[in-house]
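Proteins get letters first, then strands, A, B, ... in listed order; numbering begins at 1 in each.
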Protein chains: 2
Amino acid sequence: MSAITVLLVDDHLVVRSGLKALLGTQPDIEVVAEASSGEEALTAVEEHSPAVVVMDLAMGTGMDGIEAIRKLRERNRRQAVLVFTTYDSDADIVRAVDAGAMGYLLKDAAPEEIFAAVRGAVQGKSVMSAPVASRLFQQLRNPDEVLTPREAELLSLLTEGLSNRELGQRLFISEATVKTHLAHIYAKLGVETRAAAIATAIRREGMR
Amino acid sequence: MSAITVLLVDDHLVVRSGLKALLGTQPDIEVVAEASSGEEALTAVEEHSPAVVVMDLAMGTGMDGIEAIRKLRERNRRQAVLVFTTYDSDADIVRAVDAGAMGYLLKDAAPEEIFAAVRGAVQGKSVMSAPVASRLFQQLRNPDEVLTPREAELLSLLTEGLSNRELGQRLFISEATVKTHLAHIYAKLGVETRAAAIATAIRREGMR
DNA sequence: GGCCGGATCAGCCAAAAGGCTGAGAGACCA
DNA sequence: TGGTCTCTCAGCCTTTTGGCTGATCCGGCC
């Protein structure tokens, strides 16, 4: 039986070669190509038809990882894609899964975990790192922590550094209403100050 | 003549093995040890006395890279340390250089650049990636806008959402001093509130 | 029709943050 | 030696923010 063919996509050469070395230790896995951007990934898939694409979400320039996943899946709905990235941001996880990723691994994952994810991906299995999974579970268990559209709008403006007065003016609501919304947002995010809310929002949702 | 001995410090296994593979292609460079945390790095240096320590700043748990550099340099002022990290944040650069780093490389650096930095470090030369260098130049042109190491440290903690009291406790200074530093930071960043400072810092510095 | 969640607003009070001035200690440099 | 920079701290005052309670309005939904 032939080995599982893999395409690596990451804009960092050292990460690619590290992952290649790691996967190379497995006789049933073979890295057949590498790409350093979303664009390159698309052409590399055309050329090599890898069984699995292992992709970083953060690409320095051009198309980002999410967009690349979406395009890959548009062209071939059977294409297995694994996300292999540094940060476990709620927003990124949701967006990646939505775009069609089969699994979501963090870069500090154990080698065995990575091997298992690659093998699982070709069988259509979904594999994700424990921290990622726990985040998703928490979202499912606690729908109370989901922001309403208006709250999300406020939070987004909050991360631009606006004061309550400015928020009110921008949204055509009174300062009192702003404060009410903020109180709800703080409760849902589990913080007590606007500074912590901003920090949490940016780190958790990938806002910037 | 013997090879340049190197200790790799990064909490991501794939990055370590990638870097090791890359450096292994050079006959005059030898990776003699690896560490996945600041604590491990300290003991590994004791044991192997590497000529150069190549270190990521962002360590998942425990001592961060900056702290590790400081401790290494306290024990041996001749220890060459190269920072090898993902983001070119102003604050991190200033703090790393202040802590005693000899060079500052980004993870997407070209292999030749990395080799040159390692070779330069043992001779006491300072090497940095082009984007990092340009940031420093810009700072030199506008010295009024350059944060002092202490201010950068505060700003970094600020982006974690801490209150003035918490900042004081964390840094072992009074709340009054915290407020003084913050006032200076706001002036240099051109903002008026901590929320805006956090937003600016994160967007401008790539902090997270 | 009644219930509920989301969005809107008000008032009151305590805590936190910010603006301002002034000042001492230590390092570094000309 | 004197000047400059950084870090440290204090007091005073105003503005902003956050916690709490209670209230109205509207659109879906059973």
inquiry  = If the cut-off is 4.0 Å, is B/R150 near the phosphate of D/dT6, judged by side-chain N/O to OP1 or OP2?
reply    = no

ask   = Quick one: which of D/dT8, D/dT17, D/dT16 gets closest to the side chain of A/R165?
value = D/dT16

task = Give A/T177 one of three labels, base, sugar-phosphate or nothing, depending on what nucleic acid heavy atoms sit under 4.0 Å from its own.
result = base

inquiry  = Taking atom types as they are modelled, would you say the side chain of A/T180 forms a donor-acceptor pair with the base of C/dC9 within the 3.5 Å cutoff?
reply    = yes

query = Nearest to the side chain of B/Y186 - D/dC7, C/dG18, C/dA17?
reply = C/dG18

task = Report the C-alpha separation of A/L13 and B/D108 in whole Å, then their side-chain angles, then the decisive distance to 0.1 Å, and conclude whether the side-chain contact (heavy atoms from CB on, under 4.5 Å) test is met.
result = CA-CA 6 Å; A/L13 185 139; B/D108 56 2; over 6 Å; no

ask   = Rounded to the nearest Å, what distance is computed from the NE2 atom of residue A/H184 to the P atom of nucleotide D/dC20?
value = 12 Å

key: Interatomic distance, B/K188 NZ vs D/dT6 C1' [rounded to whole Å]   = 9 Å

ask   = Does A/A183 or B/S174 map to a spot on DNA chain D nearer the 5' end, using the closest nucleotide for each?
value = B/S174

message = Taking NZ in A/K20 as the centre, count heavy atoms belonging to other residues, nucleotides or ligands within less than 6.0 Å. Is the count above 12?
response = no

task = Choose from D/dT16, D/dC9, C/dA16 the nucleotide whose nearest atom is closest to any side-chain atom of B/I173.
result = D/dC9

request  = Nearest whole angstrom, please: distance from the P of D/dC9 to the CG of B/L182.
outcome  = 14 Å

message = Using a strict threshold of under 4.0 Å (side-chain N to carboxylate O), is an ion pair present between A/K71 and A/E67?
response = yes

query = Hey, which of these two, B/E151 or B/A176, hits DNA chain D nearer its 5' end, going by closest nucleotide?
reply = B/E151

ask   = At under 4.0 Å between heavy atoms, what does A/E175 touch on the DNA or RNA strands: base, sugar-phosphate, or nothing?
value = nothing

task = Find the distance B/L154:CG to D/dT6:P and express it as a whole number of Å.
result = 15 Å

request  = Could you tell me whether A/R16 and A/D11 have a side-chain N and a carboxylate O separated by less than 4.0 Å?
outcome  = no

inquiry  = Just the rounded figure in Å: distance from C1' of D/dT17 to NE2 of A/H181.
reply    = 17 Å

inquiry  = So, does A/N164 get its side chain near the phosphate of D/dT16, meaning an N or O under 4.0 Å from OP1 or OP2?
reply    = no

Any donor-acceptor N/O pair, B/R73 side chain to B/Q79 backbone, under 3.5 Å = yes

query = Nearest-Å distance, CD (B/Q169) to P (C/dA16)?
reply = 11 Å

query = Quick one: A/L171 CG to C/dT8 P, roughly how many Å, whole number?
reply = 8 Å

note = Among the nucleotides C/dA17, D/dG18, D/dA10, whichever has the atom closest to the side chain of A/K179 is D/dG18

key: Interatomic distance where CD belongs to B/E192 and P belongs to D/dT14 [whole Å]   = 19 Å

